There are 2 protein chains.
Amino acid sequence: MVVKAHASTLDEVARLAGVSKATASRAINGRSKVSAKAQAAVLDAVRELGYTPNGAARSLVMQRTGSVAVILPESDERVFSDPFFARMLHAVARALRERDLQLVLLLAQPGDESRMLLYLRGRYVDGAIVASHHRDDRLAEHLSDLGLPCVFIGTPWLGADRVSVVDSDNAGAAAQAVRVLVESGRRRIAAIAGPRDMRAGHDRLAGWRQELEAAGLDSSRVAYGDFTEHSGTTACAELLDADGDIDGIFAASDLMALGAMRELEARGLRVPDDVAIVGYDDLGVAERTQPPLTTLRNPIGQMVTEAVRLLTETIDQGGRGAPRHVVFVPELVRRDTV
Amino acid sequence: MVVKAHASTLDEVARLAGVSKATASRAINGRSKVSAKAQAAVLDAVRELGYTPNGAARSLVMQRTGSVAVILPESDERVFSDPFFARMLHAVARALRERDLQLVLLLAQPGDESRMLLYLRGRYVDGAIVASHHRDDRLAEHLSDLGLPCVFIGTPWLGADRVSVVDSDNAGAAAQAVRVLVESGRRRIAAIAGPRDMRAGHDRLAGWRQELEAAGLDSSRVAYGDFTEHSGTTACAELLDADGDIDGIFAASDLMALGAMRELEARGLRVPDDVAIVGYDDLGVAERTQPPLTTLRNPIGQMVTEAVRLLTETIDQGGRGAPRHVVFVPELVRRDTV
DNA sequence: TTGAAAGCGATACCAT
DNA sequence: ATGGTATCGCTTTCAA
């Protein structure tokens with residue numbers, strides 16, 4: 001490959017191969033019939049020149065960029081501390097790779113989403129997946145206005161009816177957790193909830209409360225965390241200080257469950273003998289706690305696969321088509337903490 | 001704003017405003033003089049149509065995309081567990097924002113960097129910052145071949161002379177750590193090293209060894225970790241099992257230092273009375289250990305600022321200019337573990 | 001099968 | 001200050 005000052009153009013390739021731009025283009029993209037001879041000549045020229053199509057030019061005429069954005073409307077600390085995102089991105093990357101799409105990650109600082117919006121309106125990507133873990137700043141409305149194909153993972157607080165959404169049944173799963181605890185004979189069941197301004201936190205708490213009330217049990221034992229291990233420890237201490245009689249805990253994340261278990265251990269309380277506990281997520285930590293944690297498996301893989309499917313479908317339809325909503329049901333994973 | 005099926009073009013804006021495309025473009029970009037009247041008419045039309053310039057078209061003629069890539073040639077688990085990346089991306093995002101550039105994050109799965117390379121060759125970005133935390137797959141050579149402006153944070157194993165690099169003096173810093181330990185009277189100093197295939201891991205160990213030998217001390221007490229807390233615990237146990245007399249430890253990351261401290265505590269060894277310890281990074285954990293950790297501050301902020309400066313400079317020069325190397329010196333942060 | 005030419009949607013030069 | 005027009009690099013009719 002020759003070292004060149006600037007990237008080579010299709011024109012140069014065509015000239016070197018002794019054919020027209022049209023033929024060169026066809027040979028490269030392989031969509032149309034080209035004589036074996038021309039084919040070879042073009043490919044040689046491409047190699048010789050180290051040619052790669054100019055993305056801007058190609059996008060301009062094709063009205064396609066071949067890349068989709070994943071938008072994380074979160075502070076970077078959150079993004080880089082919650083295993084949820086790692087798992088999700090991993091799945092997204094895989095799904096997009098299969099469809100030959102490039103993943104472009106857009107970190108939207110909570111305040112300055114304007115520049116990201118500008119980027120999206122510039123049509124630098126064909127579509128977007130928004131992991132709306134957080135109460136977001138009208139992102140759903142903005143994207144909907146924009147007319148850019150998009151799918152939300154997790155229901156946004158605002159404008160959920162205007163965009164496609166893939167979610168899991170957080171409330172139903174929490175109810176399931178409560179049922180397991182009740183079946184094992186627990187009666188004084190507390191919740192370590194997630195942040196109130198996050199959909200998942202909100203819905204899981206609601207499910208816990210509803211199921212508890214349906215069972216005629218007290219639903220006043222609540223402490224809030226932020227999904228981190230440390231906050232789980234603090235919340236658990238708070239709970240125990242207020243009421244030493246607690247015999248069951250539902251934690252809205254495995255990390256918080258882990259933190260809670262540390263606190264229980266520090267106080268000499270045994271799991272599950274003295275206090276049973278159910279977590280949420282099953283992203284790896286759950287298997288490694290001592291004892292292994294009973295939890296709800298957040299179906300991230302399924303959600304992502306479906307999200308990418310919906311998105312590419314929408315893109316292929318040229319952005320037309322009504323928003324669609326899909327909900328997956330988390331599965332209870334029985335281990336040894338109940 | 002009118003809801004439209006497709007994004008509007010400059011042509012439509014111009015027509016609605018009753019001016020030519022040229023004038024409309026000038027009014028929008030504000031580079032050239034436009035009469036107040038035309039200005040207003042165009043801006044109104046823009047608002048009315050919800051117009052945003054088409055990125056592809058603009059890039060094509062400007063030969064600029066207004067976005068730069070940050071490439072992380074790492075598995076996503078690593079990226080999302082090591083606080084180094086969070087801190088770095090935070091700094092990059094800030095620096096780019098100041099220059100009105102869009103950050104595009106490219107996660108290069110260790111195996112499949114080809115599609116990312118294709119993206120880069122397509123000139124979808126003006127330049128790239130590579131956080132080469134890891135032994136990378138000839139990325140420096142590839143990018144250099146490509147002619148795309150780029151800056152590496154951390155010296156790549158291969159082709160470092162062909163690209164610009166910003167790094168910190170890992171070896172020198174490690175030597176500093178050893179000196180502090182020696183000065184406090186320690187003589188049997190062990191190292192908890194990072195992975196051998198990571199530059200930072202390699203260089204820090206080398207610095208430790210060199211300084212120890214210069215002081216006429218034994219440099220055989222080494223255990224390897226992978227920068228995580230858990231690996232620090234394991235490595236520390238390994239070290240202690242092999243030689244109970246250790247009185248000083250240099251850990252190549254704060255996380256590993258933390259893990260080591262947990263192990264020391266579990267064995268009833270007191271820090272710093274029985275064993276002194278120095279970490280590396282100072283990314284937050286160091287302040288919160290018990291007791292607070294003496295460590296080397298990895299100057300991530302400085303490195304990133306410089307990297308972005310170098311990159312934009314290179315971009316502005318049209319990619320010409322020789323590769324440049326800049327090295328920062330980590331600062332010793334004295335706390336209570338020595 | 002191939003080539004000439006018409007766009008895609010912007011910017012910028014050159015007159016006016 | 002403004003408008004006409006060439007241009008960026010590519011894909012895709014339309015004829016031949």
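The shown structure was predicted, so the numbers you read here are calculated from the model rather than taken from an experiment.
Put simply, S25(A) has no side-chain N or O that comes within less than 4.0 Å of OP1 or OP2 on dC10(D). Within the 4.0 Å cut-off from OP1 or OP2 of dT2(D), not a single side-chain nitrogen or oxygen of T23(B) is found. For R58(B) and dT11(C), the shortest distance from a side-chain N or O to OP1 or OP2 is below 4.0 Å. Not one side-chain nitrogen or oxygen of R26(A) sits closer than 4.0 Å to the OP1 or OP2 atom of dT2(C). In this model, the phosphate group of dC8(D) is not approached by any side-chain N or O of N54(A) to a distance below 4.0 Å at OP1 or OP2. Using a 4.0 Å cut-off, some side-chain N or O of S35(B) falls inside it from OP1 or OP2 of dT2(D). Distances shorter than 4.0 Å separate some side-chain N or O of Q63(A) from OP1 or OP2 on dG9(C).
Shortest non-hydrogen contact noted between G122(A) and T52(B) is N-CG2, 4.3 Å.
Remark: C1' of dT12(D) and CZ of R64(A) are 16 Å apart, rounded to the nearest angstrom. Atom CG in L60(B) sits about 4 Å away from atom C1' in dC8(D), given to the nearest Å. Taking atom CG on N29(A) and atom P on dT11(D), their separation rounds to 5 Å, with Å as the unit. Here the P atom of nucleotide dA4(C) and the CZ atom of R15(A) are 13 Å apart, to the nearest Å. Distance NZ (K33(B)) to P (dT2(D)): 12 Å, rounded to an integer number of Å. For D11(B) and dG7(C), the CG to P distance is 13 Å, given to the nearest whole Å. Between the CG atom of L10(B) and the P atom of dG4(D) there is a distance of 13 Å, given to the nearest Å. If you measure from atom OH of Y124(B) to atom P of dG9(D), you get 15 Å, rounded to the nearest angstrom.
Around CZ of R309(B), the count of heavy atoms belonging to other residues, nucleotides or ligands within 6.0 Å exceeds 12. Within a 6.0 Å sphere centred on CZ of R99(A), heavy atoms belonging to other residues, nucleotides or ligands number more than 12. Counted within 6.0 Å of CZ on R97(B), heavy atoms from surrounding residues, nucleotides or ligands total more than 12; the atom is thus considered enclosed.
Residue S20(A) is the one, among K21(B) and S20(A), whose nearest nucleotide of DNA chain C lies closer to the 5' end (criterion: closest heavy atom). Nearest-nucleotide assignment on DNA chain D puts the 5′-proximal partner with A24(B), out of A24(B) and M62(B).
Note that OG of S144(A) is 8.5 Å distant from CG of D161(A), once rounded to the nearest 0.5 Å.
Here the nucleotide nearest the side chain of V61(B), chosen from dG3(C), dA10(C), dG9(D), is dA10(C). Listed nucleotides: dT12(D), dG4(D), dA10(C). Nearest to the side chain of A57(B): dA10(C). With dG3(D), dC10(D), dA10(C) as the candidates, the nucleotide lying closest to the side chain of Y51(B) is dA10(C).
Using a 4.0 Å heavy-atom cutoff across all strands shown, A56(A) reaches no nucleic acid atom at all. R31(A) comes within 4.0 angstrom of no nucleic acid atom, judged by non-hydrogen atoms across all strands.
Using modelled atom types, no side-chain atom of Q317(B) and backbone atom of T314(B) make a donor-acceptor pair closer than 3.5 Å.
Taking F85(B) as the reference, H133(B) meet the ring-ring contact (aromatic ring centres under 6.0 Å, His included) condition, with sequence neighbours excluded.
One end of the helix from dT1(C)-dA16(D) to dT16(C)-dA1(D) points its axis 40° away from the other end's axis, with each axis taken from 5 pairs and the angle rounded to 10°.
When each of I315(A), V165(A), I129(A), V166(A) is checked for a side-chain contact (heavy atoms from CB on, under 4.5 Å) with L310(A), only V166(A) meets the rule.
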